[in-house]
Amino acid sequence: MTSNKRNKKILKVMKAIVICVLSLSMLIFCAIFIAHAVVFSRADYDRYDSEHYLLYEDIDVEKYPREQIFVQSEENTISAFYYPTTDRKGLIVVAPGHRDSNDMKLYEICYFVDAGFSVVCLDYTGCYSSGGDSMCGYSQCVYDLDALLDYIESDKKFENMPIYLFGHSMGAYAVSAVLSYNHNIEKVIAASGFDTPEEQWQYSIKRYTGIFYPIIKPFNTLFINIKYGSDKDLSAVDGMNSGTIPVLIISAEEDSFYGGLSPIYEKQNEIVNPNCTFVLMDEENHNGHYDYFLTDAALKYQAENPTAPIDKKRYMEHDEKVMNMMIDFFENE
């Protein structure tokens with residue numbers, strides 16, 4: 001084989017390798033884009049598991065009357081529900097988790113109302129009763145909560161009511177990160193929350209790609225920078241550190257959504273707010289992402305895989321000790 005033919009063959013192989021690498025890179029990037037679009041696609045009631053989880057009509061609507069309110073959040077109108085009480089103890093704003101409807105939080109809402117607090121719970125952009133073709137991304141929940149708090153602070157029916165925040169999972173991220181927006185908040189409970197969109201999306205991809213993650217990570221990092229821009233660093237920890245608002249940070253010991261402790265809890269050494277309190281849920285069978293809210297009886301009932309009609313309240317019966325811990329935190333100096 002002549003030198004010229006050899007060089008042409010080498011060049012042909014190199015071109016084939018380059019084409020394969022570029023094609024694979026494009027395929028990986030497109031797969032990440034599609035995965036994010038699916039994860040943050042619009043959430044509607046046709047996919048809400050109403051056989052197992054509460055809808056408003058499942059509770060005593062006369063005991064827990066509510067009013068729907070609408071708030072403009074960027075280009076979309078979001079919806080929230082206000083549960084008033086005659087007691088002026090305060091207003092708890094409840095932020096749901098990822099793809100959770102406002103109805104999913106009725107278990108906690110009823111406890112708060114029974115304790116004398118009024119409650120507002122929202123649906124994020126792209127979720128259930130709110131407008132929007134999609135949920136957009138992690139940072140959107142912070143913008144939605146910020147818009148809702150602007151509305152609350154300007155509405156006379158909430159005048160002179162201390163405002164408290166409670167969020168679980170993505171809701172915990174929202175109630176923490178929104179503290180950077182200088183709202184007049186009394187106290188915050190952040191349960192099982194993450195710190196930044198970048199960190200959480202990186203872990204989400206790592207969780208599902210396993211040993212292939214080191215190969216995929218550079219493409220995921222590029223996607224995050226394109227999709228989120230500076231919002232990738234919109235931080236729950238920075239929100240907590242922006243002032244001295246008391247925050248109760250709850251984490252489970254074996255949270256599968258994070259591979260162990262929740263990211264906010266793990267970063268407690270970075271939290272300089274002196275009024276942050278940390279609680280670790282490490283009781284057996286009550287040390288996961290959400291099960292620490294539930295009673296042993298509820299977990300046993302779930303394990304029995306009951307068929308319809310499900311006793312929804314029994315299925316998600318909440319532990320009074322945990323609920324009272326949160327109520328005591330809001331009530332006590």
Side-chain angles (χ1 to χ4, degrees), residues 49-56 58-60 63-64 83 85 89-90 92-119 121 164-176 187-194 246-258 260-262 264-265 268 276-306 310-332:
D49 187 0
S50 58
E51 281 193 2
H52 293 83
Y53 305 117
L54 290 176
L55 292 169
Y56 180 59
D58 294 320
I59 68 172
D60 185 343
K63 183 179 179 181
Y64 303 102
Y83 301 79
T85 61
K89 186 179 288 188
I92 299 177
V93 179
V94 176
H98 179 252
R99 301 192 77 82
D100 286 347
S101 74
N102 69 87
D103 306 78
M104 183 70 80
K105 309 312 290 177
L106 284 166
Y107 303 96
E108 291 95 348
I109 288 168
C110 291
Y111 267 95
F112 293 146
V113 172
D114 289 344
F117 291 92
S118 295
V119 177
C121 184
Y164 305 91
L165 306 181
F166 164 65
H168 171 260
S169 193
M170 192 172 80
Y173 165 67
V175 299
S176 304
K187 293 181 180 181
V188 177
I189 297 176
S192 300
F194 58 86
V247 183
L248 176 62
I249 300 163
I250 303 173
S251 173
E253 187 178 41
E254 298 179 8
D255 193 325
S256 61
F257 279 74
Y258 306 123
L261 301 172
S262 67
I264 295 176
Y265 187 92
Q268 58 186 280
C276 285
T277 304
F278 301 88
V279 173
L280 179 64
M281 298 297 188
D282 56 1
E283 182 182 343
E284 187 178 1
N285 298 323
H286 298 275
N287 55 357
H289 189 64
Y290 189 78
D291 56 13
Y292 56 84
F293 280 103
L294 306 181
T295 63
D296 286 331
L299 295 175
K300 182 176 183 294
Y301 184 58
Q302 290 181 12
E304 291 170 354
N305 295 311
I310 302 293
D311 185 337
K312 298 181 186 181
K313 293 181 181 178
R314 183 181 172 193
Y315 191 85
M316 289 290 287
E317 182 182 53
H318 275 40
D319 189 326
E320 287 189 3
K321 297 191 301 295
V322 175
M323 294 308 301
N324 287 336
M325 174 188 70
M326 297 196 299
I327 290 166
D328 288 344
F329 174 76
F330 284 143
E331 289 182 335
N332 296 333

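Note that the structure is a prediction, hence the values are computed from the model and not measured. Keep in mind that the numbers below use all heavy atoms, side chains included, and drop hydrogens, waters and symmetry copies.
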Using the six-membered ring wherever Trp is involved, compare the ring planes of Y315 and Y301 and label them parallel, tilted or perpendicular (cut-offs 30° and 60°).
-> perpendicular
State, yes or no, whether a side-chain contact exists between L294 and Q302 at a heavy-atom distance under 4.5 Å.
-> yes
Return the set of residues passing side chain to side chain contact (heavy atoms under 4.5 Å, CB included) with E253 (not counting sequence neighbours), or none when no residue passes.
-> L280, D282, N287
State yes or no: are the ring centers of F166 and F112 separated by less than 6.0 Å?
-> yes
Hey, could you give me the CD/CG distance between E283 and D296, rounded to the nearest 0.5 Å?
-> 6.5 Å
Report the distance from atom CD1 of I264 to atom OH of Y173, rounding to the nearest 0.5 Å.
-> 9.5 Å
In terms of heavy-atom contacts, does CD of E304 have more than 12 from other residues, nucleotides or ligands at under 6.0 Å?
-> yes
Could you give me the CA-CA distance, side-chain angles and deciding distance for V322 and M281, then say whether side-chain contact (heavy atoms from CB on, under 4.5 Å) is met?
-> CA-CA 10 Å; V322 175; M281 298 297 188; 4.2 Å; yes
Separation between CG (D58) and CG (D103), nearest 0.5 Å, reads 8.5 Å
Look up atom NE2 in H168 and atom NE2 in H289, then write down how far apart they are to the nearest 0.5 Å.
-> 4.0 Å
First locate atom CG of L54, then atom CG of N102, and finally report the distance between them rounded to the nearest 0.5 Å.
-> 11.0 Å
Taking C-beta and beyond as the side chain, do P96 and S101 meet within less than 4.5 Å on heavy atoms?
-> no
In sequence, state the C-alpha distance, the side-chain angles, and the governing distance for L261 and Y258, and then conclude on side-chain contact (heavy atoms from CB on, under 4.5 Å).
-> CA-CA 7 Å; L261 301 172; Y258 306 123; over 6 Å; no
Here the pair of heavy atoms bringing G288 nearest to A252 is O-CB, 2.8 Å
Could you check S192 against Y292 for side-chain contact (heavy atoms from CB on, under 4.5 Å), going step by step and ending with a plain yes or no?
-> CA-CA 10 Å; S192 300; Y292 56 84; 2.7 Å; yes
M323 CE to M325 CE distance, which is reported to the nearest 0.5 Å = 9.0 Å
So, does K89 use its side chain to make a donor-acceptor pair with the main chain of E331 at under 3.5 Å?
-> no
Please list, chain by chain and in numerical order, all residues satisfying side chain to side chain contact (heavy atoms under 4.5 Å, CB included) with E320, sequence neighbours excluded.
-> Y111, N324
H286 side chain to D291 backbone, donor-acceptor under 3.5 Å | yes
Shortest non-hydrogen contact from E51 toward I310 = O-CB, 3.2 Å
Smallest heavy-atom separation, N285 atom then L299 atom, equals O-CD1, 3.2 Å
Could you go step by step and tell me if F194 and M170 meet the side-chain contact (heavy atoms from CB on, under 4.5 Å) rule?
-> CA-CA 7 Å; F194 58 86; M170 192 172 80; 4.0 Å; yes
Report yes or no: does K300 contribute a side-chain atom to a donor-acceptor pair with the main-chain N or O of T295 at less than 3.5 Å?
-> no
L248 and F329: which non-hydrogen atoms are nearest, and at how many Å?
-> N-CZ, 3.5 Å
Indicate the atoms forming the closest heavy-atom contact of K187 with F330, along with that distance.
-> NZ-O, 3.8 Å
Closest non-hydrogen atom pair, I250 against S262 | O-OG, 4.1 Å
